[in-house]
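Heads up: the structure comes next, in structure tokens.
In what follows, chains are A, B, ... by sequence order, proteins preceding strands, each numbered from 1.
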Number of protein chains: 2
Amino acid sequence: MVRWEPGGRSRLQTAAVELFLAQGFEQTTAAQIAESAGLTERTFFRHFTDKREVLFEGQEHFQQVFVDGAAGPPRGEAPLVLVSAALARAADLFPQERREGARLRQRVIAANPALQERELLKLAGVAAALAAALRERGVHEPSATLAAESGLTVFTVAFGQWLAEGEERPLEQVVGAVLAELTTLARPGGNA
Amino acid sequence: MVRWEPGGRSRLQTAAVELFLAQGFEQTTAAQIAESAGLTERTFFRHFTDKREVLFEGQEHFQQVFVDGAAGPPRGEAPLVLVSAALARAADLFPQERREGARLRQRVIAANPALQERELLKLAGVAAALAAALRERGVHEPSATLAAESGLTVFTVAFGQWLAEGEERPLEQVVGAVLAELTTLARPGGNA
DNA sequence: GTCTATAGTGCGATAGAC
DNA sequence: GTCTATCGCACTATAGAC
């Protein structure tokens with residue numbers, strides 16, 4: 001006989017999304033989530049430093065994919081080429097099967113400013129890591145930061161479109177379209 | 001005889017910055033700030049919905065300056081021209097005299113992730129409002145969002161540079177330089 | 001202005017896995 | 001023995017309700 005069931009962490013995450021969807025983030029207490037997963041409140045906070053964090057697992061991996069992706073193209077390529085490569089790798093993380101789950105998660109976040117704050121902080125972290133990767137490839141400031149932030153902007157815009165009702169294209173294709181739009185826009189006289 | 005000194009709100013803000021600098025954000029309680037301003041904790045939370053908010057006064061005005069700035073150029077101009085106009089107006093909000101105060105505030109924010117989250121949310125709000133203003137001027141999605149987000153990125157990068165040790169140029173000039181860098185970036189083969 | 005729920009922390013105890 | 005996941009209890013501060 002086991003003292004506790006395995007996978008406490010993922011049970012907490014699943015329970016959290018369900019409860020947040022059913023009754024809202026603020027109306028759901030950490031104790032409720034824990035109970036719903038067969039654990040105690042104290043254990044919830046052992047796994048997640050705060051209540052919001054339960055929705056943001058896997059961010060380190062997401063970030064690393066961007067960083068590694070930027071290391072793909074040969075040295076000397078333009079910053080946006082490196083960013084484009086990173087975006088392609090990041091898009092691979094979200095195949096069709098993940099679309100519906102992503103929609104649920106996004107709905108929870110959209111309904112609560114505190115969760116939006118956390119998401120923005122995570123994205124800013126990815127952008128900072130990507131900028132550092134670009135600097136390692138010889139891109140100077142402020143270009144590195146501009147390119148990295150632009151890349152994350154492209155990703156989030158594309159991701160939102162990917163989650164939209166009726167959107168059928170794979171994420172990589174949407175990312176490509178948005179990136180093309182950005183370069184058009186930034187070219188002097190672009191997209192009047 | 002007055003029942004209470006005037007300017008409670010700004011006294012709270014001043015006290016908050018001083019205490020946050022001296023002992024850190026988390027180590028400072030709302031009660032301490034209130035006491036330091038000769039008020040009660042309850043009054044603090046009457047003025048500011050949460051502890052972080054005491055550092056983010058005046059955001060509505062900041063946002064409105066961006067929106068109004070984008071309404072300046074004649075209709076039919078390219079999105080980045082509208083954004084450039086908005087950036088110029090926003091830069092005017094920060095003359096030389098505000099540089100030192102801005103440095104202190106930025107130091108407090110840089111030292112605490114919770115404050116960074118709030119700042120990012122505020123900036124996202126400005127970007128969303130600017131994007132809406134661009135759409136009103138006939139810019140379609142996703143260009144409106146891309147242009148607006150890029151504008152805010154340019155502003156924050158420039159603002160950071162403006163606060164750097166040894167930087168002497170006025171903010172508007174730094175903004176112009178960073179914006180020029182962004183357009184260079186998007187040119188094919190640009191800025192390798 | 002008071003009262004209260006909840007987030008989040010610190011510390012110690014327990015129990016299984018290795 | 002060590003390591004790790006769990007629980008239990010006491011505690012503070014935030015923030016909202018009354």
Under the criterion salt bridge (Lys or Arg N to Asp or Glu O under 4.0 Å), I'd like the reasoning laid out for B:E117 against A:K122: C-alpha separation, chi angles, the key distance, then a yes or no. CA-CA 9 Å; B:E117 287 188 334; A:K122 298 289 189 181; over 6 Å; no
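Because its NZ or CZ atom is both nearer than 6.0 Å to the ring centre of A:F56 and within 45° of the ring axis, A:R105 counts as a cation-pi partner of that residue.
Nearest to the side chain of A:L39, among D:dA15, D:dC7, C:dA7, sits D:dC7. Side-chain proximity of A:R46 to the nucleotides D:dA15, D:dT6, C:dG8 is greatest for D:dT6. Of the candidates D:dT14, C:dT6, D:dT6, the closest approach to any side-chain atom of A:H47 belongs to D:dT6. Listed candidates were C:dT6, C:dG8, C:dG1. Nearest to the side chain of A:K51 is C:dG8.
Taking atom CG of residue A:N112 and atom P of nucleotide C:dA7, one finds them 12 Å apart after rounding to whole Å. One interatomic measurement links the two molecules: CD of A:E53 to P of C:dG8, which rounds to 10 Å at whole-angstrom precision. A:Q32 places its CD atom 14 Å from the C1' atom of C:dA7, with the value rounded to the nearest Å. Atom CD1 of A:I33 and atom P of C:dT6 are 13 Å apart (whole Å). In this structure, CG of A:L19 is placed 16 Å from C1' of C:dT6, rounded to the nearest angstrom. Atom CD in B:E41 sits roughly 12 Å away from atom C1' in D:dG16 (whole-Å rounding). If you take CZ of A:F45 and P of C:dC11, they are 18 Å apart, rounded to a whole angstrom. Following rounding to the nearest Å, A:F48 (CZ) and C:dT6 (C1') show an atom-to-atom distance of 19 Å.
Look at A:E167 and A:R169 and you find a salt bridge, because one of the NZ, NE, NH1 or NH2 atoms lies within 4.0 Å of a carboxylate O, short of that distance. Using a 4.0 Å cut-off between charged nitrogen and carboxylate oxygen, B:E77 and B:R137 do not count as a salt-bridge pair.
Between A:T43 and D:dA5 there is no side-chain polar atom (N or O) within less than 4.0 angstrom of OP1 or OP2.
No hydrogens or angles were tested; on distance alone, a donor-acceptor pair under 3.5 Å links the side chain of B:R42 to the base of C:dT2.
A donor-acceptor contact closer than 3.5 angstrom is absent between the side chains of B:S150 and B:T153.
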